[in-house]
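For reference, the structure is listed below as structure tokens.
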Amino acid sequence: MSEGPAGAGAPGEGPLVGDDGRARCPWGDAPEVYRRYHDEEWGRPVTGEAALFERLSLEAFQSGLSWLTILRKRPAFRAAFAGFEPDAVAAFGPADRQRLLADAGIVRNRAKVDAVLANARAVVALRERGGLEALLATAAEAPGARAAPRTTAEVPASTPASAALARRLKAAGVVFVGPTTAYATMQATGLVDDHLAGCWARGGPAGAGAAALAVSG
């Protein structure tokens, strides 16, 4: 089971009321970087090729690590990977690869770096078949399709839909993605809403539209 972003919080907990009086998924109360991510991004719709490629890439980098580590390194990731613009990353050559592997600001894992470079090329190629956004949208869950999880123990780590999405991504040339990474990407891009019952952010609170526009850039 999943308790939110990988490595965040403890399983089996219900919503936690923060010092601002808002009930949140327990992992989303603190530290502040988690609170901002929980309130402004996680479970919100994300649009735009670069924004979606970033989320897919960061979920791959997170594998085996704390999501807090990834969030804290996010500005460095964006700088290192040209804002996750697929055309720019797809054009990276050997010198760029060595630069990335020497960059202490990001996760210097050879397999993960190579996967993001390969995936940029796959995303560019996907445009001929509708694009990354259209492919990810095939996994969107209809509102109300599942009961809202009451505790973090009820949030799945993967689903049949994420397994199917992982297969479609792999068929399109995307690597380093399995059902768990695919599901985390679905959560991060608003294809599913796993905010707990009672969490103020569940179901798209007022202002969610503006938040979606903010994260799409």
For [X] and [Y], which heavy atoms make the closest approach, and how far apart are they?
X	Y	result
Thr181	Ala60	CG2-N, 4.2 Å
Arg202	His195	NH1-O, 2.8 Å
Val116	Val89	O-CG1, 4.2 Å

### Query
Once you round to the nearest 0.5 Å, how far does CG of Leu58 lie from CZ of Phe53?
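Leu58 CG to Phe53 CZ: 9.5 Å, rounded to 0.5 Å.
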
### Query
Roughly how far, to the nearest 0.5 Å, is CG of Leu101 from CG of Asn109?
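Going from CG on Asn109 over to CG on Leu101, the span is 9.0 Å.
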
Is there side-chain contact between [X] and [Y], with at least one heavy-atom pair below 4.5 Å?
X	Y	value
Glu49	Arg127	yes
Arg146	Asp194	yes
Ser162	Thr159	yes

### Query
Looking at Phe92, does the NZ or CZ of Arg121 lie under 6.0 angstrom from its six-membered ring centre and within 45 degrees of the ring axis?
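No.
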
### Task
Would you check if there is a donor-acceptor pair between the side chains of Trp200 and Asp39 at a distance under 3.5 Å?
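Their side chains do contain a donor-acceptor pair, which is all the 3.5 Å distance test asks for.
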
### Task
Applying salt bridge (charged side-chain N to carboxylate O under 4.0 Å, His left out), run through Arg22 and Asp29 and close with a yes or a no.
CA-CA 9 Å; Arg22 281 180 164 173; Asp29 185 59; over 6 Å; no

### Non-neighbouring partners of Lys73 that pass side chain to side chain contact (heavy atoms under 4.5 Å, CB included), sequence neighbours left out
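Partners of Lys73 by the side chain to side chain contact (heavy atoms under 4.5 Å, CB included) criterion, ordered by chain and then number, come out as Thr69, Phe77, Val107.
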
### Task
For Pro15, enumerate each residue passing the side chain to side chain contact (heavy atoms under 4.5 Å, CB included) test, keeping only those at least two apart in sequence or located in another chain.
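For Pro15, the residues satisfying side chain to side chain contact (heavy atoms under 4.5 Å, CB included) (neighbours in sequence not counted) are Ala23, Leu196.
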
### Query
Using the ring of each side chain (for Trp, its six-membered ring), is His38 parallel, tilted or perpendicular to Trp27, with breaks at 30° and 60°?
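Rings of His38 and Trp27: perpendicular, over 60°.
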
